[in-house]
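Numbered from 1 within each chain, the chains take letters A, B, ... in sequence-line order. Below, all heavy atoms of this structure are taken into account, side chains as well, without hydrogens, waters or symmetry copies.
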Protein chains: 2
Amino acid sequence: MNTPDVLNVGHDCGACPIRHRAVCARCEADELQKLEQIKYYRSYQAGQTVIWSGDKMDFVASVVTGIATLTQTMEDGRRQMVGLLLPSDFVGRPGRQAAAYDVTATTDLVMCCFRKKPFEEMMSKTPHIAQRLLEMTLDELDAAREWMLLLGRKTAREKIASLLAIIARRDAHLNLKAAQGSIVFDLPLTREEMADYLGLTLETVSRQVSALKRDGVIALEGKRHIVVPDFDRLLEETGDDSDGGMLV
Amino acid sequence: MNTPDVLNVGHDCGACPIRHRAVCARCEADELQKLEQIKYYRSYQAGQTVIWSGDKMDFVASVVTGIATLTQTMEDGRRQMVGLLLPSDFVGRPGRQAAAYDVTATTDLVMCCFRKKPFEEMMSKTPHIAQRLLEMTLDELDAAREWMLLLGRKTAREKIASLLAIIARRDAHLNLKAAQGSIVFDLPLTREEMADYLGLTLETVSRQVSALKRDGVIALEGKRHIVVPDFDRLLEETGDDSDGGMLV
DNA sequence: TCTGCGCTTTGACCTACATCAAACTGAAAG
DNA sequence: CTTTCAGTTTGATGTAGGTCAAAGCGCAGA
(Lines give C-alpha, C1' and ligand atoms only; values in the text may rest on other atoms or scores of the structure.)
Protein backbone atom coordinates (compact mmCIF):
# COMPACT_ATOMS: atom_id res chain seq x y z
CA MET A 1 0.00 0.00 0.00
CA ASN A 2 2.91 2.34 0.63
CA THR A 3 4.35 3.98 -2.47
CA PRO A 4 7.60 5.88 -2.20
CA ASP A 5 7.17 9.62 -1.82
CA VAL A 6 8.05 10.50 -5.38
CA LEU A 7 7.37 14.14 -4.67
CA ASN A 8 10.31 14.46 -2.33
CA VAL A 9 12.62 11.70 -3.38
CA GLY A 10 12.25 12.69 -6.98
CA HIS A 11 13.46 9.38 -8.36
CA ASP A 12 12.57 8.40 -11.88
CA CYS A 13 9.11 6.96 -12.06
CA GLY A 14 8.31 7.71 -15.71
CA ALA A 15 8.46 10.69 -17.98
CA CYS A 16 5.25 12.33 -16.90
CA PRO A 17 5.73 15.26 -14.56
CA ILE A 18 2.30 15.16 -13.09
CA ARG A 19 3.16 11.83 -11.65
CA HIS A 20 6.03 13.38 -9.80
CA ARG A 21 4.12 16.36 -8.75
CA ALA A 22 0.56 15.44 -8.06
CA VAL A 23 0.98 12.11 -6.42
CA CYS A 24 2.71 11.45 -3.17
CA ALA A 25 3.17 8.73 -0.63
CA ARG A 26 -0.08 9.54 1.05
CA CYS A 27 -1.99 8.53 -2.05
CA GLU A 28 -2.99 4.96 -2.50
CA ALA A 29 -1.03 2.82 -4.88
CA ASP A 30 -4.04 2.01 -6.97
CA GLU A 31 -4.67 5.69 -7.62
CA LEU A 32 -1.19 5.87 -9.07
CA GLN A 33 -2.17 2.89 -11.12
CA LYS A 34 -5.25 4.66 -12.44
CA LEU A 35 -3.32 7.79 -13.39
CA GLU A 36 -1.01 5.48 -15.26
CA GLN A 37 -3.90 3.95 -17.16
CA ILE A 38 -5.51 7.11 -18.44
CA LYS A 39 -2.41 8.98 -19.51
CA TYR A 40 -0.99 9.15 -23.01
CA TYR A 41 1.63 11.21 -24.83
CA ARG A 42 1.48 13.58 -27.76
CA SER A 43 4.28 15.18 -29.71
CA TYR A 44 4.26 18.42 -31.63
CA GLN A 45 6.77 20.10 -33.89
CA ALA A 46 8.05 23.59 -33.29
CA GLY A 47 5.49 26.04 -34.59
CA GLN A 48 2.59 23.63 -34.52
CA THR A 49 -0.62 24.63 -32.83
CA VAL A 50 -1.71 22.32 -30.04
CA ILE A 51 -5.19 23.75 -29.80
CA TRP A 52 -7.09 26.84 -30.91
CA SER A 53 -8.99 29.05 -28.53
CA GLY A 54 -12.63 28.03 -28.53
CA ASP A 55 -11.98 24.48 -29.71
CA LYS A 56 -13.31 21.61 -27.73
CA MET A 57 -10.63 20.39 -25.39
CA ASP A 58 -11.32 16.95 -24.00
CA PHE A 59 -8.07 16.54 -22.14
CA VAL A 60 -5.81 18.19 -19.62
CA ALA A 61 -2.08 17.85 -19.95
CA SER A 62 1.32 18.74 -18.64
CA VAL A 63 4.45 19.57 -20.57
CA VAL A 64 7.11 16.88 -20.55
CA THR A 65 9.74 18.50 -22.76
CA GLY A 66 9.82 21.65 -24.86
CA ILE A 67 8.04 24.96 -24.55
CA ALA A 68 4.49 25.96 -25.36
CA THR A 69 2.78 29.33 -25.23
CA LEU A 70 -0.71 30.51 -24.40
CA THR A 71 -1.84 33.46 -26.50
CA GLN A 72 -4.93 35.55 -26.90
CA THR A 73 -5.73 37.33 -30.14
CA MET A 74 -8.02 40.28 -30.72
CA GLU A 75 -10.27 40.51 -33.76
CA ASP A 76 -7.92 42.88 -35.53
CA GLY A 77 -4.93 40.65 -34.96
CA ARG A 78 -3.32 42.20 -31.90
CA ARG A 79 -1.81 39.34 -29.95
CA GLN A 80 -0.82 38.94 -26.33
CA MET A 81 0.91 35.96 -24.86
CA VAL A 82 -0.58 35.18 -21.47
CA GLY A 83 1.49 32.21 -20.45
CA LEU A 84 4.70 30.36 -21.12
CA LEU A 85 4.50 26.63 -20.44
CA LEU A 86 7.74 25.04 -19.38
CA PRO A 87 8.33 21.36 -18.59
CA SER A 88 6.04 20.22 -15.75
CA ASP A 89 3.57 23.07 -16.30
CA PHE A 90 -0.06 22.19 -16.56
CA VAL A 91 -2.63 23.19 -19.21
CA GLY A 92 -6.34 22.79 -19.25
CA ARG A 93 -9.06 23.38 -16.80
CA PRO A 94 -11.05 20.67 -15.15
CA GLY A 95 -14.69 21.48 -15.78
CA ARG A 96 -14.20 23.61 -18.87
CA GLN A 97 -15.34 22.42 -22.27
CA ALA A 98 -13.48 24.70 -24.63
CA ALA A 99 -9.95 26.03 -24.68
CA ALA A 100 -9.70 29.64 -23.60
CA TYR A 101 -6.41 30.38 -25.37
CA ASP A 102 -4.41 29.31 -28.37
CA VAL A 103 -1.76 26.84 -27.29
CA THR A 104 1.27 26.69 -29.56
CA ALA A 105 4.49 24.72 -29.50
CA THR A 106 7.42 27.11 -29.89
CA THR A 107 9.94 24.30 -29.72
CA ASP A 108 9.43 20.61 -30.36
CA LEU A 109 7.08 19.57 -27.63
CA VAL A 110 5.97 16.47 -25.80
CA MET A 111 2.89 16.61 -23.65
CA CYS A 112 1.50 14.11 -21.24
CA CYS A 113 -2.27 14.11 -21.57
CA PHE A 114 -5.18 12.81 -19.55
CA ARG A 115 -8.65 12.52 -20.94
CA LYS A 116 -10.72 15.00 -19.04
CA LYS A 117 -13.55 12.80 -17.78
CA PRO A 118 -11.46 10.14 -16.07
CA PHE A 119 -9.07 12.79 -14.79
CA GLU A 120 -11.92 14.67 -13.17
CA GLU A 121 -13.30 11.53 -11.66
CA MET A 122 -9.93 10.73 -10.25
CA MET A 123 -9.48 14.20 -8.94
CA SER A 124 -12.69 13.99 -6.97
CA LYS A 125 -11.50 10.76 -5.41
CA THR A 126 -7.90 11.75 -4.81
CA PRO A 127 -7.74 14.90 -2.74
CA HIS A 128 -4.01 15.42 -3.11
CA ILE A 129 -4.29 15.96 -6.82
CA ALA A 130 -6.65 18.87 -6.30
CA GLN A 131 -4.34 20.26 -3.66
CA ARG A 132 -1.30 19.96 -5.86
CA LEU A 133 -3.21 21.54 -8.73
CA LEU A 134 -4.25 24.36 -6.44
CA GLU A 135 -0.65 25.01 -5.52
CA MET A 136 0.42 25.06 -9.15
CA THR A 137 -2.46 27.34 -10.09
CA LEU A 138 -1.57 29.76 -7.32
CA ASP A 139 1.98 29.84 -8.64
CA GLU A 140 0.70 30.65 -12.09
CA LEU A 141 -1.53 33.33 -10.68
CA ASP A 142 1.46 34.94 -8.99
CA ALA A 143 3.40 34.76 -12.23
CA ALA A 144 0.49 36.33 -14.12
CA ARG A 145 0.32 39.16 -11.60
CA GLU A 146 4.03 39.80 -11.81
CA TRP A 147 3.52 39.99 -15.55
CA MET A 148 0.72 42.51 -15.09
CA LEU A 149 3.19 44.82 -13.36
CA LEU A 150 5.60 44.30 -16.22
CA LEU A 151 3.00 44.98 -18.89
CA GLY A 152 1.45 47.95 -17.16
CA ARG A 153 4.41 49.81 -15.77
CA LYS A 154 7.79 48.71 -17.03
CA THR A 155 9.78 50.34 -19.83
CA ALA A 156 10.74 48.39 -22.93
CA ARG A 157 14.28 47.90 -21.64
CA GLU A 158 13.05 46.66 -18.27
CA LYS A 159 10.65 44.29 -19.99
CA ILE A 160 13.40 42.71 -22.07
CA ALA A 161 15.71 42.44 -19.08
CA SER A 162 12.95 40.81 -17.03
CA LEU A 163 12.23 38.22 -19.69
CA LEU A 164 15.91 37.40 -20.12
CA ALA A 165 16.29 37.14 -16.35
CA ILE A 166 13.42 34.69 -16.11
CA ILE A 167 14.78 32.46 -18.84
CA ALA A 168 18.34 32.76 -17.57
CA ARG A 169 17.31 31.96 -14.02
CA ARG A 170 15.42 28.92 -15.14
CA ASP A 171 18.26 27.62 -17.32
CA ALA A 172 20.81 28.27 -14.61
CA HIS A 173 18.61 26.28 -12.30
CA LEU A 174 18.38 23.38 -14.68
CA ASN A 175 22.01 23.31 -15.72
CA LEU A 176 23.56 24.37 -12.44
CA LYS A 177 25.91 26.54 -14.44
CA ALA A 178 25.47 29.60 -12.28
CA ALA A 179 29.23 29.65 -11.78
CA GLN A 180 30.32 33.06 -10.49
CA GLY A 181 27.35 34.86 -12.01
CA SER A 182 27.91 34.07 -15.67
CA ILE A 183 25.03 32.33 -17.45
CA VAL A 184 24.72 31.06 -21.00
CA PHE A 185 21.53 29.97 -22.70
CA ASP A 186 19.57 29.75 -25.93
CA LEU A 187 16.57 31.96 -26.42
CA PRO A 188 13.61 29.71 -27.12
CA LEU A 189 11.55 32.57 -28.56
CA THR A 190 11.66 34.63 -31.75
CA ARG A 191 11.68 38.41 -31.54
CA GLU A 192 8.02 38.40 -32.47
CA GLU A 193 7.13 35.95 -29.73
CA MET A 194 9.08 38.01 -27.24
CA ALA A 195 7.17 41.06 -28.43
CA ASP A 196 3.85 39.27 -27.99
CA TYR A 197 4.83 38.29 -24.51
CA LEU A 198 6.04 41.73 -23.50
CA GLY A 199 3.36 43.87 -25.12
CA LEU A 200 5.83 45.44 -27.56
CA THR A 201 6.54 45.33 -31.29
CA LEU A 202 9.24 43.10 -32.66
CA GLU A 203 11.23 46.15 -33.79
CA THR A 204 11.33 47.55 -30.28
CA VAL A 205 12.42 44.16 -28.94
CA SER A 206 15.23 44.06 -31.47
CA ARG A 207 16.35 47.58 -30.64
CA GLN A 208 16.37 46.99 -26.90
CA VAL A 209 18.23 43.71 -27.19
CA SER A 210 20.82 45.56 -29.27
CA ALA A 211 20.97 48.28 -26.63
CA LEU A 212 21.55 45.79 -23.82
CA LYS A 213 24.27 44.25 -25.93
CA ARG A 214 25.85 47.62 -26.67
CA ASP A 215 25.83 48.40 -22.95
CA GLY A 216 27.53 45.13 -22.09
CA VAL A 217 24.64 43.70 -20.08
CA ILE A 218 24.47 40.71 -22.41
CA ALA A 219 26.50 39.31 -25.29
CA LEU A 220 25.10 37.59 -28.37
CA GLU A 221 26.51 34.73 -30.37
CA GLY A 222 24.36 34.42 -33.44
CA LYS A 223 20.79 35.58 -32.91
CA ARG A 224 19.68 33.19 -30.27
CA HIS A 225 22.62 32.22 -28.11
CA ILE A 226 22.93 34.60 -25.19
CA VAL A 227 25.67 35.14 -22.64
CA VAL A 228 24.94 36.96 -19.42
CA PRO A 229 28.33 37.89 -17.98
CA ASP A 230 26.91 39.31 -14.76
CA PHE A 231 23.50 38.17 -13.68
CA ASP A 232 23.20 40.80 -10.96
CA ARG A 233 23.81 43.49 -13.54
CA LEU A 234 20.94 42.06 -15.59
CA LEU A 235 18.72 42.04 -12.53
CA GLU A 236 19.42 45.73 -11.95
CA GLU A 237 17.96 46.39 -15.37
CA THR A 238 14.67 44.67 -14.61
CA GLY A 239 13.40 47.38 -12.29
CA ASP A 240 12.44 44.75 -9.72
CA ASP A 241 13.27 44.99 -6.05
CA SER A 242 16.79 43.81 -5.44
CA ASP A 243 15.76 41.19 -2.90
CA GLY A 244 14.05 39.04 -5.50
CA GLY A 245 10.83 38.90 -3.50
CA MET A 246 11.41 35.52 -1.94
CA LEU A 247 8.05 34.55 -0.54
CA VAL A 248 7.09 31.18 0.78
CA MET B 1 -25.51 14.41 9.21
CA ASN B 2 -27.13 15.93 6.14
CA THR B 3 -26.69 19.65 5.79
CA PRO B 4 -28.63 21.52 3.14
CA ASP B 5 -26.72 22.13 -0.04
CA VAL B 6 -26.05 25.77 0.59
CA LEU B 7 -24.05 26.01 -2.58
CA ASN B 8 -27.02 25.44 -4.81
CA VAL B 9 -29.93 26.50 -2.70
CA GLY B 10 -28.19 29.71 -1.83
CA HIS B 11 -30.32 30.42 1.23
CA ASP B 12 -28.99 32.62 3.96
CA CYS B 13 -26.72 30.72 6.27
CA GLY B 14 -24.68 33.64 7.59
CA ALA B 15 -22.83 36.57 6.16
CA CYS B 16 -19.67 34.78 5.22
CA PRO B 17 -19.42 33.93 1.54
CA ILE B 18 -16.95 31.17 1.92
CA ARG B 19 -19.56 29.29 3.79
CA HIS B 20 -21.77 29.47 0.77
CA ARG B 21 -19.08 28.71 -1.67
CA ALA B 22 -16.63 26.33 -0.16
CA VAL B 23 -18.95 24.05 1.72
CA CYS B 24 -21.66 21.92 0.24
CA ALA B 25 -24.00 19.13 1.18
CA ARG B 26 -21.34 16.56 0.60
CA CYS B 27 -19.30 17.93 3.44
CA GLU B 28 -19.91 16.67 6.91
CA ALA B 29 -21.86 18.79 9.31
CA ASP B 30 -19.05 18.92 11.80
CA GLU B 31 -16.72 20.38 9.20
CA LEU B 32 -19.20 23.20 8.78
CA GLN B 33 -19.09 23.49 12.50
CA LYS B 34 -15.31 23.80 12.50
CA LEU B 35 -15.29 26.44 9.79
CA GLU B 36 -17.74 28.28 11.96
CA GLN B 37 -15.46 28.08 14.96
CA ILE B 38 -12.31 29.43 13.38
CA LYS B 39 -13.80 32.32 11.47
CA TYR B 40 -13.97 35.93 12.59
CA TYR B 41 -14.77 39.27 11.01
CA ARG B 42 -12.76 42.41 10.47
CA SER B 43 -13.87 45.80 9.25
CA TYR B 44 -11.85 48.43 7.47
CA GLN B 45 -12.59 51.98 6.44
CA ALA B 46 -12.29 53.18 2.89
CA GLY B 47 -8.65 53.91 2.19
CA GLN B 48 -7.30 51.78 5.00
CA THR B 49 -4.59 49.27 4.26
CA VAL B 50 -5.49 45.72 5.17
CA ILE B 51 -1.96 44.43 4.84
CA TRP B 52 1.33 45.50 3.34
CA SER B 53 3.28 43.41 0.90
CA GLY B 54 5.91 41.41 2.77
CA ASP B 55 4.10 41.56 6.10
CA LYS B 56 3.40 38.38 7.92
CA MET B 57 -0.09 37.21 7.05
CA ASP B 58 -1.43 34.65 9.45
CA PHE B 59 -4.90 34.43 7.99
CA VAL B 60 -6.79 33.87 4.80
CA ALA B 61 -10.02 35.71 4.18
CA SER B 62 -12.87 36.42 1.86
CA VAL B 63 -14.60 39.70 1.18
CA VAL B 64 -18.07 39.99 2.68
CA THR B 65 -18.96 43.53 1.64
CA GLY B 66 -17.04 46.33 -0.02
CA ILE B 67 -14.12 46.36 -2.42
CA ALA B 68 -10.43 45.77 -1.85
CA THR B 69 -7.51 45.99 -4.23
CA LEU B 70 -4.25 44.13 -4.62
CA THR B 71 -1.39 46.33 -5.75
CA GLN B 72 2.31 45.97 -6.44
CA THR B 73 4.68 48.89 -6.16
CA MET B 74 8.12 49.30 -7.69
CA GLU B 75 10.98 50.91 -5.80
CA ASP B 76 10.55 54.21 -7.61
CA GLY B 77 6.84 54.36 -6.87
CA ARG B 78 5.30 53.03 -10.06
CA ARG B 79 2.19 51.15 -9.04
CA GLN B 80 0.15 48.44 -10.71
CA MET B 81 -3.07 47.02 -9.40
CA VAL B 82 -3.07 43.28 -9.94
CA GLY B 83 -6.45 42.38 -8.55
CA LEU B 84 -9.83 43.77 -7.61
CA LEU B 85 -11.52 41.91 -4.78
CA LEU B 86 -15.28 41.96 -4.85
CA PRO B 87 -17.63 40.37 -2.33
CA SER B 88 -17.00 36.61 -2.09
CA ASP B 89 -13.48 36.88 -3.51
CA PHE B 90 -10.72 35.18 -1.62
CA VAL B 91 -7.35 36.57 -0.47
CA GLY B 92 -4.35 34.83 0.92
CA ARG B 93 -2.48 31.76 0.04
CA PRO B 94 -2.47 28.61 2.08
CA GLY B 95 1.15 27.74 2.73
CA ARG B 96 2.59 31.22 2.26
CA GLN B 97 3.95 33.16 5.21
CA ALA B 98 4.05 36.72 3.92
CA ALA B 99 1.65 38.78 1.84
CA ALA B 100 2.77 39.16 -1.75
CA TYR B 101 0.80 42.35 -2.44
CA ASP B 102 -0.54 45.40 -0.69
CA VAL B 103 -4.19 44.86 0.11
CA THR B 104 -6.19 48.05 0.45
CA ALA B 105 -9.83 48.82 1.16
CA THR B 106 -11.15 51.21 -1.49
CA THR B 107 -14.58 51.29 0.07
CA ASP B 108 -15.62 50.40 3.57
CA LEU B 109 -14.87 46.74 3.80
CA VAL B 110 -15.81 43.70 5.84
CA MET B 111 -13.73 40.59 5.57
CA CYS B 112 -14.36 37.15 6.91
CA CYS B 113 -11.06 35.75 8.12
CA PHE B 114 -9.76 32.34 9.06
CA ARG B 115 -6.55 31.86 10.95
CA LYS B 116 -4.22 30.12 8.56
CA LYS B 117 -3.14 27.10 10.60
CA PRO B 118 -6.60 25.75 11.39
CA PHE B 119 -7.79 26.62 7.90
CA GLU B 120 -5.00 24.59 6.35
CA GLU B 121 -5.65 21.71 8.65
CA MET B 122 -9.26 21.78 7.71
CA MET B 123 -8.46 22.02 4.05
CA SER B 124 -6.41 18.88 4.18
CA LYS B 125 -9.30 17.07 5.82
CA THR B 126 -12.09 18.49 3.67
CA PRO B 127 -11.40 17.86 0.00
CA HIS B 128 -14.22 20.02 -1.30
CA ILE B 129 -12.70 23.15 0.12
CA ALA B 130 -9.52 22.61 -1.89
CA GLN B 131 -11.60 21.90 -4.96
CA ARG B 132 -13.70 25.00 -4.52
CA LEU B 133 -10.59 27.05 -3.92
CA LEU B 134 -9.06 25.60 -7.08
CA GLU B 135 -12.08 26.67 -9.08
CA MET B 136 -11.94 30.17 -7.68
CA THR B 137 -8.22 30.41 -8.31
CA LEU B 138 -8.66 29.28 -11.90
CA ASP B 139 -11.28 31.99 -12.35
CA GLU B 140 -8.85 34.55 -11.00
CA LEU B 141 -6.16 33.25 -13.30
CA ASP B 142 -8.45 33.70 -16.28
CA ALA B 143 -9.26 37.21 -15.13
CA ALA B 144 -5.56 37.98 -14.72
CA ARG B 145 -4.86 36.74 -18.22
CA GLU B 146 -7.65 38.78 -19.70
CA TRP B 147 -6.08 41.73 -17.94
CA MET B 148 -2.71 40.91 -19.46
CA LEU B 149 -4.26 41.31 -22.90
CA LEU B 150 -5.73 44.61 -21.81
CA LEU B 151 -2.46 45.89 -20.36
CA GLY B 152 -0.32 44.72 -23.23
CA ARG B 153 -2.41 45.51 -26.26
CA LYS B 154 -5.41 47.73 -25.68
CA THR B 155 -5.59 51.47 -26.27
CA ALA B 156 -6.42 53.83 -23.43
CA ARG B 157 -10.01 54.17 -24.63
CA GLU B 158 -10.45 50.41 -24.86
CA LYS B 159 -8.99 50.01 -21.40
CA ILE B 160 -11.44 52.44 -19.87
CA ALA B 161 -14.37 50.88 -21.71
CA SER B 162 -13.31 47.42 -20.56
CA LEU B 163 -13.10 48.47 -16.93
CA LEU B 164 -16.48 50.18 -17.07
CA ALA B 165 -17.97 47.12 -18.75
CA ILE B 166 -16.68 44.85 -16.01
CA ILE B 167 -18.07 46.99 -13.23
CA ALA B 168 -21.31 47.61 -15.10
CA ARG B 169 -21.79 43.95 -15.82
CA ARG B 170 -21.22 43.06 -12.22
CA ASP B 171 -23.60 45.69 -10.92
CA ALA B 172 -26.23 44.76 -13.45
CA HIS B 173 -25.90 41.21 -12.25
CA LEU B 174 -26.34 42.18 -8.64
CA ASN B 175 -29.16 44.64 -9.12
CA LEU B 176 -30.92 42.93 -11.99
CA LYS B 177 -31.42 46.34 -13.51
CA ALA B 178 -30.27 45.35 -16.97
CA ALA B 179 -33.60 46.61 -18.26
CA GLN B 180 -33.37 47.15 -22.02
CA GLY B 181 -29.63 47.63 -22.01
CA SER B 182 -29.43 50.69 -19.76
CA ILE B 183 -27.26 50.33 -16.67
CA VAL B 184 -26.57 52.74 -13.86
CA PHE B 185 -23.87 52.40 -11.25
CA ASP B 186 -21.39 54.15 -8.99
CA LEU B 187 -17.71 53.93 -9.74
CA PRO B 188 -16.01 52.48 -6.70
CA LEU B 189 -12.59 53.72 -7.81
CA THR B 190 -10.89 57.10 -8.02
CA ARG B 191 -9.28 58.19 -11.27
CA GLU B 192 -5.92 57.34 -9.81
CA GLU B 193 -7.01 53.85 -8.83
CA MET B 194 -8.43 53.31 -12.29
CA ALA B 195 -5.11 54.45 -13.72
CA ASP B 196 -3.20 52.02 -11.50
CA TYR B 197 -5.45 49.24 -12.63
CA LEU B 198 -5.21 50.06 -16.32
CA GLY B 199 -1.53 50.92 -16.56
CA LEU B 200 -2.27 54.56 -17.40
CA THR B 201 -1.89 57.94 -15.73
CA LEU B 202 -4.81 59.57 -13.99
CA GLU B 203 -4.83 62.37 -16.54
CA THR B 204 -5.26 59.95 -19.40
CA VAL B 205 -8.06 58.22 -17.53
CA SER B 206 -9.80 61.52 -17.01
CA ARG B 207 -9.43 62.50 -20.64
CA GLN B 208 -10.74 59.20 -21.96
CA VAL B 209 -13.69 59.17 -19.60
CA SER B 210 -14.50 62.66 -20.87
CA ALA B 211 -14.16 61.44 -24.44
CA LEU B 212 -16.53 58.51 -23.87
CA LYS B 213 -18.97 60.98 -22.34
CA ARG B 214 -18.60 63.41 -25.25
CA ASP B 215 -19.27 60.54 -27.66
CA GLY B 216 -22.41 59.50 -25.81
CA VAL B 217 -21.14 56.07 -24.78
CA ILE B 218 -21.67 56.96 -21.14
CA ALA B 219 -23.20 59.81 -19.16
CA LEU B 220 -21.93 61.17 -15.87
CA GLU B 221 -23.86 62.54 -12.93
CA GLY B 222 -21.29 64.02 -10.61
CA LYS B 223 -17.88 62.39 -10.82
CA ARG B 224 -18.75 58.93 -9.76
CA HIS B 225 -22.28 58.11 -10.86
CA ILE B 226 -22.31 56.60 -14.31
CA VAL B 227 -25.11 55.87 -16.74
CA VAL B 228 -24.55 53.45 -19.58
CA PRO B 229 -27.43 54.07 -21.99
CA ASP B 230 -26.50 51.21 -24.30
CA PHE B 231 -24.40 48.42 -22.90
CA ASP B 232 -23.72 46.88 -26.31
CA ARG B 233 -22.33 50.19 -27.50
CA LEU B 234 -19.96 50.17 -24.52
CA LEU B 235 -18.91 46.62 -25.34
CA GLU B 236 -18.04 47.66 -28.88
CA GLU B 237 -15.55 50.10 -27.40
CA THR B 238 -13.72 47.43 -25.41
CA GLY B 239 -12.10 45.83 -28.44
CA ASP B 240 -13.18 42.39 -27.20
CA ASP B 241 -14.78 39.77 -29.38
CA SER B 242 -18.48 40.44 -29.69
CA ASP B 243 -19.47 37.00 -28.40
CA GLY B 244 -18.23 37.78 -24.91
CA GLY B 245 -16.11 34.64 -24.79
CA MET B 246 -18.55 32.56 -22.80
CA LEU B 247 -16.55 29.54 -21.79
CA VAL B 248 -17.57 26.87 -19.35
C1' DT C 1 27.34 28.29 -56.16
C1' DC C 2 23.20 30.81 -56.39
C1' DT C 3 18.28 31.64 -54.84
C1' DG C 4 14.63 32.24 -51.90
C1' DC C 5 12.83 32.84 -47.51
C1' DG C 6 12.28 33.40 -42.59
C1' DC C 7 14.04 36.14 -39.21
C1' DT C 8 16.43 40.17 -37.68
C1' DT C 9 18.41 44.73 -37.69
C1' DT C 10 18.42 49.55 -38.53
C1' DG C 11 16.70 54.05 -39.97
C1' DA C 12 13.25 57.91 -40.50
C1' DC C 13 9.20 59.47 -39.03
C1' DC C 14 4.79 59.68 -36.32
C1' DT C 15 1.47 59.41 -32.53
C1' DA C 16 -0.61 57.93 -28.25
C1' DC C 17 0.20 58.64 -24.01
C1' DA C 18 3.11 60.77 -20.25
C1' DT C 19 4.53 64.89 -17.97
C1' DC C 20 4.10 69.32 -16.11
C1' DA C 21 1.18 72.90 -14.78
C1' DA C 22 -2.95 75.38 -13.79
C1' DA C 23 -7.62 75.87 -12.82
C1' DC C 24 -12.13 73.79 -11.32
C1' DT C 25 -15.51 71.28 -8.19
C1' DG C 26 -17.77 69.97 -4.22
C1' DA C 27 -17.93 68.36 0.28
C1' DA C 28 -16.26 68.78 4.92
C1' DA C 29 -14.54 71.84 8.66
C1' DG C 30 -14.48 76.07 10.96
C1' DC D 1 -20.38 81.98 4.43
C1' DT D 2 -15.39 81.10 3.75
C1' DT D 3 -11.58 78.06 3.74
C1' DT D 4 -9.45 73.97 2.68
C1' DC D 5 -8.33 70.05 0.38
C1' DA D 6 -8.75 65.81 -2.15
C1' DG D 7 -10.11 64.64 -6.37
C1' DT D 8 -10.76 65.99 -11.09
C1' DT D 9 -10.48 68.34 -15.51
C1' DT D 10 -8.11 70.62 -19.13
C1' DG D 11 -4.22 72.56 -21.69
C1' DA D 12 0.60 72.76 -23.54
C1' DT D 13 4.43 70.22 -24.49
C1' DG D 14 7.69 66.13 -24.50
C1' DT D 15 8.97 61.39 -25.60
C1' DA D 16 8.93 56.25 -25.64
C1' DG D 17 7.65 53.25 -28.47
C1' DG D 18 4.83 52.31 -32.72
C1' DT D 19 4.77 52.28 -37.87
C1' DC D 20 6.60 51.94 -42.32
C1' DA D 21 10.34 50.82 -45.20
C1' DA D 22 14.63 48.97 -46.54
C1' DA D 23 18.61 46.24 -45.93
C1' DG D 24 21.23 42.35 -43.78
C1' DC D 25 21.91 37.52 -42.43
C1' DG D 26 21.98 32.80 -42.21
C1' DC D 27 20.32 28.48 -44.03
C1' DA D 28 17.83 25.00 -46.79
C1' DG D 29 17.12 23.54 -51.26
C1' DA D 30 18.36 23.33 -56.31
Original post:
At their closest point, which heavy atom of A:Ser88 faces which heavy atom of A:Ser62, and how far apart are they?
Top reply: O-CB, 4.4 Å
Original post:
Which of residues 148-159 of chain A have a heavy atom under 4.0 Å from DNA chain C?
Top reply: none
**OP:** Please check if the side chain of A:Glu237 supplies one atom and the backbone of A:Leu234 the other of a donor-acceptor pair under 3.5 Å.
**Re:** no
**OP:** Please check if the side chain of A:Lys154 supplies one atom and the backbone of A:Lys159 the other of a donor-acceptor pair under 3.5 Å.
**Re:** no
**OP:** May I ask you to say whether A:Asp142 pairs ionically with B:Arg96, meaning some side-chain N is under 4.0 Å from a carboxylate O?
**Re:** yes
Original post:
Heavy atom of residues 202-218 of chain A under 4.0 Å from DNA chain D: which residues?
Top reply: A:Glu203, A:Thr204, A:Arg207
Subject >> Enclosure of A:Arg115 CZ (heavy-atom neighbours >12, cutoff 6.0 Å) >> reply: no
Original post:
To the nearest angstrom, how far is B:Arg224 atom CZ from C:dG26 atom P?
Top reply: 14 Å
Remember a base hit wins even if backbone is also touched, and classify [X] as base, sugar-phosphate or nothing at under 4.0 Å, heavy atoms.
X: B:Thr190; value: sugar-phosphate
X: A:Arg78; value: nothing
X: B:Gly47; value: nothing

**OP:** Just jot down the side-chain contact (heavy atoms from CB on, under 4.5 Å) partners of A:Glu203, sequence neighbours excluded, or say none.
**Re:** A:Thr201, A:Arg207
Subject >> Under the side-chain contact (heavy atoms from CB on, under 4.5 Å) test, residues paired with A:Asp186 that sit two or more places apart >> reply: A:His225
**OP:** Might you work through the salt bridge (charged side-chain N to carboxylate O under 4.0 Å, His left out) test for A:Arg78 and B:Glu158, ending with a clear yes or no?
**Re:** CA-CA 13 Å; A:Arg78 281 176 281 175; B:Glu158 288 168 340; 2.8 Å; yes
**OP:** Could you list all the ring pair (Phe, Tyr, Trp, His ring centres under 6.0 Å) pairs where at least one residue sits in residues 194-217 of chain B, not counting sequence neighbours?
**Re:** B:Trp147-B:Tyr197
Original post:
How long is the gap from CG on B:Asp58 to CD1 on B:Ile51, to the nearest 0.5 Å?
Top reply: 7.5 Å
Subject >> First-last contacting nucleotides on DNA chain D - partner chain B, under 4.0 angstrom, heavy atom >> reply: D:dT8 to D:dA12
